[in-house]
Amino acid sequence: MAFEVQEITLAIIIGTLAAIVYSLRILVLMERRIARIEMHIERVVDKVVKEEIKIERAVRKR
C-alpha cells in the first residue's frame, strides 16, 4: 500500500503542528516556573531590604 503525495504532505503538516503545540506547552510550563522563581526572589529581596533598614536605624541611634 503506497501513500500518495497528498497523504504524505498531510502527515508532515500534522506532525509539524503537533510539534509546535508541544513546544508551546513546554514554553508555558517554563514561563510559569520562571514566574514562581521571580516571586521567591522578590520575597528574599524584600526581607533583605527590611533587614538593611533595621540595621541602618540601629546604626543611626548609636
Side-chain angles (χ1 to χ4, degrees):
M1 179 170 133
F3 292 110
E4 293 184 18
V5 174
Q6 291 176 342
E7 292 172 336
I8 293 172
T9 305
L10 182 61
I12 291 171
I13 291 171
I14 291 173
T16 304
L17 288 174
I20 291 169
V21 169
Y22 180 76
S23 296
L24 288 173
R25 179 179 172 269
I26 296 299
L27 284 173
V28 167
L29 292 174
M30 289 178 62
E31 193 275 331
R32 288 180 184 168
R33 287 182 185 175
I34 291 171
R36 228 178 296 135
I37 290 170
E38 287 177 348
M39 280 185 2
H40 290 296
I41 290 173
E42 286 180 22
R43 288 180 188 164
V44 170
V45 169
D46 286 341
K47 288 178 183 178
V48 169
V49 168
K50 287 178 185 177
E51 192 64 32
E52 285 289 326
I53 291 172
K54 286 180 186 177
I55 292 170
E56 286 180 15
R57 288 179 183 164
V59 169
R60 287 182 189 167
K61 288 182 180 179
R62 290 183 184 180

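Atom set for the values below is all heavy atoms of this structure, side chains included, hydrogens, waters and symmetry mates excluded.
- The 12-atom threshold is exceeded at CD of Glu56, counting heavy atoms of other residues, nucleotides or ligands nearer than 6.0 Å.
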Extract all donor-acceptor atom pairs below 3.5 Å that involve side chains of residues 39-51 and protein atoms in other chains or at least two apart in sequence.
none

Output side-chain donor-acceptor pairs under 3.5 Å for residues 10-32, partner residues at least two apart or in another chain, one line each.
residue, atom, partner, partner atom, Å
Thr16, OG1, Ile12, O, 2.8
Ser23, OG, Ala19, O, 2.9

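- Within 6.0 Å of atom CD in Glu4, 12 or fewer heavy atoms from other residues, nucleotides or ligands are found, so the atom counts as exposed in its surroundings.
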